[in-house]
J.: 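This is the structure I want to talk about, given as structure tokens.
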Amino acid sequence: MIPAAFEYYRPTDMDGVLAILAEHGDDARVLAGGHSLIPMMKLRMAEVPHLIDLQDVGGLKGITVEGGTIRLGAMTTQTEIIGSDTLTAAAPILREASLQIADPQVRYMGTIGGNVANGDPGNDMPGLMQCLDATFHLIGPDGTRYVAARDFYEAAYMTDREDDEVLTAVSFDQPVGGYAYEKQKRKIGDYATAAAAVQIVKEGGKCTSASIAMTNLSDTPIYSQEAGAALVGTVVDDAAMDAAVAAMLGDIDPTEDNRGPIEFKRHVASLILRRAIARAWSRA
Ligand SMILES: Cc1cc2nc3c(=O)[nH]c(=O)nc-3n(C[C@H](O)[C@H](O)[C@H](O)COP(=O)(O)OP(=O)(O)OC[C@H]3O[C@@H](n4cnc5c(N)ncnc54)[C@H](O)[C@@H]3O)c2cc1C
């Protein structure tokens with residue numbers, strides 16, 4: 001319950017954040033919604049001598065939908081995502097997924113940036129961002145660079161982000177077609193036993209493109225290119241569904257924990273993906 005002592009900083013601009021990060025290296029961490037970092041500090045699983053609160057830094061909030069591109073500022077909360085009718089009209093999968101994350105109090109605080117930067121395979125947004133082929137915007141001492149969500153995750157809590165970089169936004173093309181975020185969990189606020197994000201396009205009764213990513217079934221989110229490809233050109237019948245599930249099972253690598261043994265997780269992953277594809281297809 002009791003975190004170790006730390007120095008608290010509250011800069012008002014990004015230069016201030018970057019200066020503190022540069023000075024203290026991996027002894028410093030940014031604080032967004034605090035609903036992954038503070039629990040880790042309370043358990044003393046994270047020691048953060050220098051904590052940099054982002055809440056007063058301008059330009060990190062907001063949702064824009066312009067010219068077919070959607071941009072979410074890193075400090076945009078889950079509640080703001082759920083509450084945005086503009087975003088829901090443009091990319092309804094965001095609201096569907098966000099409503100399955102945590103609980104109302106956590107969603108008031110937790111941010112999209114924290115969720116994707118955290119690196120916990122249990123987080124739901126990373127897989128969703130891979131499904132949407134999102135781009136992460138990272139600012140550091142050398143300026144801004146852009147990393148595809150599909151290339152960002154390296155291992156549990158290991159990402160392409162350097163210690164002196166801050167994630168400022170995520171952006172992605174406005175998705176087309178049917179969508180679904182399906183999640184199996186033990187109770188509200190639990191991380192997924194298995195979850196699937198699916199976007200699917202139907203033209204002339206056939207699937208012309210499909211994007212599939214899985215959550216909490218490996219030490220990173222898993223974008224399964226093969227699973228999506230198995231649906232393309234089909235009418236998404238049982239055979240196509242079987243092929244997509246088989247491809248997905250070839251890509252995941254779950255481990256046993258208190259959510260169940262490996263075979264159980266593979267079974268749940270199969271069911272969840274079938275449900276997600278069926279629902280996305282019915283909406284396409
Ligand atoms: C009870 C409970 C249930 C939860 N259930 C779920 C769930 O079902 N699904 C789910 O996805 N999440 C869940 N969460 C996690 C929650 O969504 C967190 O809020 C989220 O993981 C992190 O977002 P944050 O803004 O709180 O980040 P913080 O906790 O502030 O930060 C998390 C990490 O990301 C880093 N970070 C944050 N912002 C940035 C940035 N802009 N640039 C660089 N690094 C940054 C921090 O330094 C830290 O290392 C749950 C949390 C709780 C407490």
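Start at 1 and go down the list; that is how both ligands and their atoms are numbered.
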J.: Distance only, no hydrogens: is a donor on one side chain within 3.5 Å (strictly under) of an acceptor on the other, for H137 and T144?
T.: no
J.: What is the nearest protein non-hydrogen atom to atom 31 (O) of ligand 1, stated with its residue, atom name and distance?
T.: L37 CB, 3.9 Å
J.: Any Lys/Arg nitrogen of E182 or R274 sitting under 4.0 Å from an Asp/Glu carboxylate oxygen of the other?
T.: no
J.: Quick one: nearest non-hydrogen protein atom to atom 17 (O) of ligand 1, plus distance?
T.: N115 ND2, 3.4 Å
J.: So between V116, L138, N118, whose heavy atom ends up nearest atom 33 (C) of ligand 1?
T.: N118
J.: Are any of the N/O atoms in M109 less than 3.5 Å from those in ligand 1?
T.: no
J.: Applying side chain to side chain contact (heavy atoms under 4.5 Å, CB included) to M214 and V198, what does each step give before you reach the verdict?
T.: CA-CA 9 Å; M214 307 298 293; V198 175; over 6 Å; no
J.: Check R161 against ligand 1 and report side chain, backbone, both or neither, counting heavy atoms closer than 4.0 Å.
T.: side chain
J.: Report yes if some N/O of A32 lies less than 3.5 Å from some N/O of ligand 1; otherwise report no.
T.: yes
J.: Is any side-chain N of the basic residue among R279 and E96 closer than 4.0 Å to the acidic one's carboxylate O?
T.: yes
J.: With atom 2 (C) of ligand 1 as the reference point, say which of V106, L167, L54 has the nearest heavy atom.
T.: V106
J.: When you check the gap from the basic side-chain N to the acidic O, do E66 and R71 get nearer than 4.0 Å?
T.: no
J.: On the ring face of F152, is R161 found with NZ or CZ under 6.0 Å from the centre and within 45° of the axis?
T.: no
J.: So, D103 versus Q105: side-chain donor-acceptor pair below 3.5 Å or not?
T.: no
J.: Any idea which protein heavy atom is nearest atom 51 (C) of ligand 1, and the distance to it?
T.: H35 O, 3.5 Å
J.: Are I112 and I81 packed together at the side-chain level, in the sense that at least one heavy-atom pair is separated by less than 4.5 angstrom?
T.: yes
J.: Suppose I only count heavy atoms of A102 and a 4.0 Å limit; which atoms of ligand 1 are within that range?
T.: 3 (C), 4 (C), 5 (N), 6 (C), 7 (C), 8 (O), 50 (C)
J.: Quick test: of every protein heavy atom, which one is nearest to atom 48 (C) of ligand 1, and how far off is it to 0.1 Å?
T.: R29 NH1, 3.8 Å
J.: Angle between ring planes, H24 versus Y9, binned at 30° and 60°: parallel, tilted or perpendicular?
T.: tilted
J.: Of L21, V30, L51, which has the heavy atom at the shortest distance from atom 44 (N) of ligand 1?
T.: V30
J.: Would you check if there is a donor-acceptor pair between the side chains of S98 and Q78 at a distance under 3.5 Å?
T.: yes
J.: So which protein heavy atom does atom 37 (C) of ligand 1 come closest to, and at what separation?
T.: G114 CA, 3.4 Å
J.: May I ask you to list the atoms of ligand 1 that are less than 4.0 angstrom from any heavy atom of G34?
T.: 24 (P), 26 (O), 27 (O), 28 (P), 29 (O), 30 (O)
J.: Does the distance from a Lys or Arg side-chain N to an Asp or Glu carboxylate O, for D163 and R29, drop under 4.0 Å?
T.: no
J.: Assess the side chains of T79 and R107: does a donor N or O sit below 3.5 Å from an acceptor N or O?
T.: no
J.: Identify, by atom number and element, the atoms of ligand 1 in contact range of N123, meaning under 4.0 Å from any of its heavy atoms.
T.: 10 (C), 11 (O), 12 (N), 15 (C), 21 (O)
J.: Counting both backbone and side chain atoms, is some N or O of Q78 under 3.5 Å from an N or O of ligand 1?
T.: no
J.: Distance alone, cut at 3.5 Å: any donor-acceptor contact between the side chains of T215 and Y181?
T.: yes
J.: Would L138 and M14 show up in the same hydrophobic cluster when neighbours are defined by side-chain heavy atoms closer than 4.5 Å?
T.: no
J.: Report the nearest protein non-hydrogen atom to atom 15 (C) of ligand 1: residue, atom name, distance rounded to 0.1 Å.
T.: Y191 OH, 3.3 Å
J.: Taking only heavy atoms of D190 into account, list the atoms of ligand 1 that are under 4.0 Å away from them.
T.: 8 (O)
J.: Provide the number and element of each atom of ligand 1 under 4.0 Å from a heavy atom of K183.
T.: 7 (C), 8 (O), 9 (N)
J.: Any idea which atoms of ligand 1 are less than 4.0 Å away from a heavy-atom of G110?
T.: 19 (O), 25 (O), 26 (O)
J.: Give the residue, atom name and distance (to 0.1 Å) of the protein heavy atom nearest atom 21 (O) of ligand 1.
T.: S36 OG, 2.7 Å
J.: May I ask you to check if ligand 1 and T111 share an N or O to N or O distance below 3.5 Å?
T.: yes
J.: Give the numbers and elements of all ligand 1 atoms closer than 4.0 Å to a heavy atom of D124.
T.: 7 (C), 8 (O), 9 (N), 10 (C), 11 (O)
J.: Give me the nearest non-hydrogen protein atom to atom 24 (P) of ligand 1 as residue plus atom name, then the distance to 0.1 Å.
T.: G33 N, 3.5 Å
J.: Any heavy atom of G189 sitting closer than 4.0 Å to ligand 1?
T.: yes
